Amino acid sequence: MFRSRQQLWLMLPALAALTLIFVLPIAHYLWLSVHTQTVLTELKPIPAGAAQWIRLWNDSRFWQDAWQTLRFAGFSVTTEMVLGLAIALLLNQPLRGKSSLRLISLLPWALPTTVMALGWRWIFNDPYGPINQALHWIGVAPVAFLANPSITWMATVWADTWKTTPFVALLLLAGLQNIPRDLYEAAQLEGASAWQSLWRITIPLLTPYLLIALVFRLAQALGVFDLVQVLTGGGPAGSTESLALYAYLNAMRFLDFGYSATVMLGAFAGLIVLCSGLAGLWWFTSSRLSIKGGEP
């Protein structure tokens with residue numbers, strides 16, 4: 001893996017940081033998941049075998065939160081990919097004031113999630129938020145964005161989309177700038193339309209970047225915590241509670257650290273399976289493009 005001893009020494013600080021930040025906490029969670037550590041045990045860990053994992057398998061709230069987390073991630077990431085591609089294509093055009101437009105487009109991503117969530121909580125407020133005030137002025141009844149379970153989860157999707165679409169656009173813009181302009185000029189000489197160039201040149205060559213953005217955003221969306229905690233608190237009636245928030249509640253509210261670790265590990269295992277599949281797809285796509293690019 002390492003071609004020289006010098007490379008190994010140069011990698012050691014990064015490997016040590018990775019072990020400290022990632023490997024050791026995971027190992028501690030694995031240890032906690034086979035122990036019971038609650039107020040009833042005076043917060044002392046007691047070996048429990050597979051009891052926590054059996055409890056997780058039979059926990060309907062865990063599966064409900066898993067579905068809600070997947071729903072949130074699916075809708076938000078899909079919307080972000082579409083909007084991010086559209087924004088990247090726009091910013092890649094020779095427009096006047098393009099640098100200013102790029103800076104403005106990154107502002108939502110630069111805001112701390114907690115501050116952004118507080119802002120959207122005010123915007124969605126019933127009846128004093130700007131949206132409901134505008135509805136009142138045109139004679140429409142206010143909408144309980146944060147009190148109706150069938151609507152609130154869509155409010156969280158919209159807030160997350162507004163926050164993280166610039167991240168996707170930035171990644172895709174980097175990919176667009178690596179596509180040679182000669183390909184578009186040749187396609188134009190052959191009579192290809194802009195739509196045909198998009199589907200025959202841009203999308204295929206941008207696929208690795210699309211998959212990178214998809215993996216990053218899925219990992220972040222499936223671990224969503226601060227947005228949901230500040231915007232809805234998991235309500236109403238637990239309709240927006242994510243797996244990360246459920247693990248947090250078990251640890252900090254119910255002081256059930258063993259089960260909280262088990263919830264996190266269950267969510268982490270699902271995330272690894274999903275992201276590994278997407279990473280494999282990315283590798284396969286990249287290798288196929290490399291092979292095609294090397295053909296005479």
Side-chain angles (χ1 to χ4, degrees), residues 60-87 104-170 213-214 216-250 252-253 263-264 267 270-271 274:
S60 59
R61 184 171 176 178
F62 170 81
W63 295 110
Q64 175 184 332
D65 289 352
W67 158 245
Q68 290 171 172
T69 305
L70 284 172
R71 179 181 62 177
F72 167 84
F75 277 87
S76 63
V77 173
T78 300
T79 307
E80 289 158 14
M81 296 297 293
V82 174
L83 292 178
L85 178 59
I87 293 172
I104 293 172
S105 68
L106 289 176
L107 288 178
W109 184 42
L111 285 174
T113 303
T114 303
V115 175
M116 179 272 300
L118 285 172
W120 281 107
R121 186 173 179 178
W122 169 69
I123 292 172
F124 289 130
N125 181 267
D126 175 23
Y128 304 109
I131 297 178
N132 277 314
Q133 284 293 311
L135 293 176
H136 174 72
W137 291 336
I138 61 176
V140 178
V143 179
F145 290 104
L146 302 180
N148 188 336
S150 62
I151 297 177
T152 305
W153 74 272
M154 290 188 288
T156 62
V157 167
W158 173 253
D160 185 69
T161 300
W162 183 86
K163 162 74 176 173
T164 52
T165 295
F167 171 77
V168 177
L170 183 65
L214 181 61
F216 271 98
R217 279 302 306 134
L218 269 179
Q220 293 171 346
L222 291 173
V224 63
F225 168 74
D226 43 2
L227 170 65
V228 175
Q229 169 71 352
V230 175
L231 185 59
T232 67
S239 61
T240 60
E241 187 175 271
S242 65
L243 286 174
L245 181 56
Y246 184 41
Y248 168 82
L249 293 175
N250 274 285
M252 307 307 296
R253 181 176 295 180
V263 171
M264 286 303 299
L271 176 62
L274 184 58

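Keep in mind the model is a prediction, meaning the values are calculated, not measured.
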Name the atoms and distances for all side-chain donor-acceptor pairs under 3.5 Å in residues 138-147, with sequence neighbours left out.
none

N/O donor-acceptor pair under 3.5 Å between Gln68 side chain and Gly234 backbone: no
Set of residues satisfying side chain to side chain contact (heavy atoms under 4.5 Å, CB included) with respect to Ser242, sequence neighbours excluded: Thr69, Val224, Ala244, Leu245
Thr165 side chain vs Trp162 backbone, donor-acceptor pair below 3.5 Å: no
Minimum-distance pair of heavy atoms, taken over all atoms of Gln64 and Gly238: NE2-O, 3.7 Å
Spacing of Thr78 atom OG1 and Leu218 atom CG [to the nearest 0.5 Å]: 8.0 Å
Any residue meeting ring pair (Phe, Tyr, Trp, His ring centres under 6.0 Å) with Phe216, in chain and number order, not counting sequence neighbours: none
Within residues 218-232 or reaching into it, pairs that qualify as side chain to side chain donor-acceptor pair (under 3.5 Å) - sequence neighbours excluded: Arg217-Gln220, Thr232-Thr240
Only distances under 3.5 Å count here; give the side-chain donor-acceptor pairs of residues 119-128 to other protein atoms, sequence neighbours excluded, each with its distance to 0.1 Å.
residue	atom	partner	partner atom	Å
Arg121	NH1	Val230	O	3.3
Asn125	OD1	Tyr128	N	3.1

Nearest non-hydrogen partners of Ala221 and Val77, listed with the distance: CB-CG2, 3.9 Å
Results of side chain to side chain donor-acceptor pair (under 3.5 Å) for Arg61 - residues two or more places apart only: Glu241
Neighbour count >12 (heavy atoms, 6.0 Å) for atom CH2, Trp153: yes
Those residues that, when tested against Ala219, pass side chain to side chain contact (heavy atoms under 4.5 Å, CB included) (two or more places apart): Leu271, Cys275
Under the side chain to side chain donor-acceptor pair (under 3.5 Å) test, residues paired with Ser150 that sit two or more places apart: Asn148
Any side-chain heavy-atom pair of Glu80 and Ser76 under 4.5 Å: yes
Tyr248: partners by ring pair (Phe, Tyr, Trp, His ring centres under 6.0 Å), with sequence neighbours left out: Phe225
Sequence-distant partners of Phe167, ring pair (Phe, Tyr, Trp, His ring centres under 6.0 Å), two or more places apart: Trp109
From CG (Leu231) to OG1 (Thr114), nearest 0.5 Å: 11.5 Å
Min side-chain heavy-atom separation Leu227-Met116 under 4.5 Å: yes
Atom pair CZ/CG of Phe72 and Asp160 - distance to nearest 0.5 Å: 3.5 Å
Test side chain to side chain donor-acceptor pair (under 3.5 Å) applied to Gln133 - qualifying residues, sequence neighbours left out: none
Inter- and intrachain pairs under side chain to side chain donor-acceptor pair (under 3.5 Å), touching residues 137-147, at least two apart: none
